[in-house]
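Report on one structure; see the data block that follows.
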Number of protein chains: 2
Amino acid sequence: MSTARERARAALTAEILESARGQLATVGAAALSLRAVARDLGLASSALYRYFPSRDELLTALIIEGYDALGAAAESADVPTAQPRTRWHAICAAVRAWALAHPHEYALLYGSPVPGYAAPQDTVAAAGRVGAALGRVLGDAARAGVLPPAEHRRTALVTPAAAEVLGGEHPALDDAVRARALLTWSSLYGLISFELFGHFAGVVADPEAFFTEQVGELADLLGL
Amino acid sequence: MSTARERARAALTAEILESARGQLATVGAAALSLRAVARDLGLASSALYRYFPSRDELLTALIIEGYDALGAAAESADVPTAQPRTRWHAICAAVRAWALAHPHEYALLYGSPVPGYAAPQDTVAAAGRVGAALGRVLGDAARAGVLPPAEHRRTALVTPAAAEVLGGEHPALDDAVRARALLTWSSLYGLISFELFGHFAGVVADPEAFFTEQVGELADLLGL
DNA sequence: AGTAGAACGAGAGCACCGCTCTCGTCGACC
DNA sequence: GGTCGACGAGAGCGGTGCTCTCGTTCTACT
């Protein structure tokens, strides 16, 4: 059972995260102020250090939350029984929608890393959840036989651990296919980031239509 | 002719930018401190405000410098007489090399925008220089007849102004081709950013080989 | 040539930041 | 019931961007 103190601690930790999330959404990660969070909760700023040893630790918690939320969005958009190509479209659209709805969180996840900040190991696990959704589509496509046969290149560009996530073992999946999957995944990121960060301003007429068009192009590249 | 004061002003402005560039390279944009620049130059911090009205304005100047340096790197890597595909490879490799050599500058250009910062019009002009290099390759390829014939889609996804840069008018260039060019360009950005920001850590075995492989894949997609 | 005025750099100061330390208090466990 | 740890408040340190004032110096016009 949990003591009153433990419950109070968990509740306050959640409140801190909630306030920080709100501030992240409004002013962005760079301007996220520990003191503002403390003010918001009616606490002394020093009290927060009982819960998060530093501002970076708080940011780390927010990053993990963000990866988790994005991963959940991608997963809930995926319909495992649908055709691989429509699944790919659905996941990509969900990722873009999440990014547009939470621009600051997205920037925190996939934008420039914060100053001297090195991503702790906890974050990479959470980050994998998003890529895993794509990996499942690829694996299912291979098992359903919709992928063209692989050519079996020698040099391994993709790590064995990553290959596990990207469809697992299957004759239609070789290193080249998995590398292409990584290309499409990073391309998706490039598309969303360019749109979100304004690099497509004045260049792309209809961002939504452009995005779906290009996601289809990426599906062709992948062979879905 | 220029007065002594004007020359001193220009010289000091250059010194400020040089010191800021050095600090940007070492500690990154978020930790770039106006006071540190002032200390470096032996000035009072308030004196800097005679030259740059705010820290953001100084960052803007650095952004323009960065776009210009990256654009110059891309241009000098381009050999207009070579085959379009080798030109594409050379430009992509040059952009990646510049990014790896100047990670903080690259993050400043293509990472998360700084807090409430809206890119001034000056920066978008400088930003176009990099994309224009790709646009020239595409246009030359079309004029050389190496591109497959276009299908002439109805809906225009790419702005007329951007179409001008992306090869200009040519029968082999329609909206779909130009949209694909934007896709490959943002994909290149996604590849480099993922590598630079650590999202490929533990996933890609040989970043260099992976990059050139994927750039080739993008060239195929473009039809080069 | 002389002067009005703009540009200049220094310095003090404001409000804010992350973070540390101390101190009185309150709750949990032996 | 007493001990000890967790807790929150408060003061304080060094840092930040930015503003204002003040004496100086150079420019340009009369």
Side-chain angles (χ1 to χ4, degrees), chain A residues 1-20 22-24 26-63 104 108 113-118 120, chain B residues 1-20 22-24 26-63 104 108 113-118 120:
Chain A
M1 81 147 256
S2 66
T3 71
R5 178 163 272 174
E6 278 169 348
R7 269 179 283 120
R9 181 178 183 87
L12 192 43
T13 304
E15 273 187 73
I16 293 172
L17 277 175
E18 187 184 330
S19 171
Q23 199 177 140
L24 174 62
T26 54
V27 300
L32 191 153
S33 153
L34 243 151
R35 291 175 113 113
V37 171
R39 270 195 302 273
D40 186 33
L41 300 179
L43 286 176
S45 68
S46 56
L48 293 191
Y49 287 83
R50 305 269 187 204
Y51 298 85
F52 293 93
S54 76
R55 182 177 170 275
D56 276 6
E57 292 284 332
L58 178 57
L59 272 182
T60 299
L62 290 174
I63 289 176
H104 286 117
L108 179 63
V114 306
Y117 176 81
Chain B
M1 85 145 250
S2 65
T3 71
R5 178 163 270 175
E6 278 168 348
R7 270 178 284 120
R9 180 178 182 87
L12 192 43
T13 305
E15 273 186 73
I16 292 171
L17 277 175
E18 186 184 330
S19 171
Q23 199 178 144
L24 174 62
T26 55
V27 300
L32 191 153
S33 154
L34 240 149
R35 291 177 113 112
V37 171
R39 272 194 301 273
D40 186 32
L41 301 180
L43 285 176
S45 67
S46 56
L48 293 191
Y49 287 84
R50 305 270 186 204
Y51 297 86
F52 294 93
S54 76
R55 182 177 171 277
D56 276 7
E57 293 283 333
L58 178 57
L59 273 182
T60 299
L62 290 174
I63 289 177
H104 286 116
L108 180 63
V114 306
Y117 175 82

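Every chain is numbered from 1, with letters handed out A, B, ... down the list of sequences.
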Item to complete: Could you grab the distance from atom CD of A:Glu18 to atom CG of A:Leu41, nearest 0.5 Å is fine?
Response: 9.0 Å
Worksheet entry | 4.5 Å side-chain heavy-atom contact, A:Gln23 and A:Asp40 | no
Worksheet item: How many angstroms lie between atom OH of B:Tyr49 and atom CZ of B:Arg55, to the nearest 0.5 angstrom?
Response: 9.5 Å
Worksheet item: Which nucleotide in the set D:dC18, C:dG9, D:dT27 lies at the smallest distance from any side-chain heavy atom of B:Ala4?
Response: D:dT27
Item to complete: Using a heavy-atom cut-off of under 4.0 Å over every strand shown, decide if A:Leu41 touches base, sugar-phosphate, or nothing.
Response: nothing
Worksheet entry | Shortest non-hydrogen contact between B:Ser45 and B:Ala38, atoms and distance | CA-CB, 3.6 Å
Discussion item. Let's see if you can work this out: which of C:dA10, D:dG8, C:dG18 has an atom nearest to the side-chain heavy atoms of B:Leu43?
Written reply: C:dA10
Worksheet entry | Shortest side-chain distance from B:Tyr49, nucleotide among C:dG13, D:dT19, C:dC23 | D:dT19
Worksheet item: A:Arg55 side chain: which of C:dC21, C:dC19, D:dC18 is closest?
Response: C:dC19
Discussion item. Nearest to the B:Ser46 side chain among D:dC20, D:dG17, D:dG12, which nucleotide is it?
Written reply: D:dC20
Fill in: Side chain of B:Arg5 (C-beta onward), nearest among C:dA7, C:dC29, D:dA6
C:dA7
Practice prompt. Assign each of A:Ser33 and A:Arg50 to its nearest nucleotide of DNA chain C by heavy atoms, then name whichever residue's nucleotide is nearer the 5' end.
Written response: A:Ser33
Practice prompt. For B:Leu58, answer base if it contacts any base atom (sugar-phosphate contacts may also be present), sugar-phosphate if it contacts only those atoms, and nothing otherwise; contact means non-hydrogen atoms under 4.0 Å.
Written response: nothing
Worksheet, complete the sentence: Walking DNA chain D from its 5' end, the first of A:Tyr51 and A:Ser45 to be reached, judged by nearest nucleotide, is A:Tyr51
Worksheet item: Nearest of D:dT21, D:dA9, D:dT16 to any side-chain atom of A:Ala47?
Response: D:dA9
Worksheet entry | Which nucleotide in C:dC19, D:dC7, C:dG13 has an atom nearest any side-chain atom of B:Arg35 | C:dG13
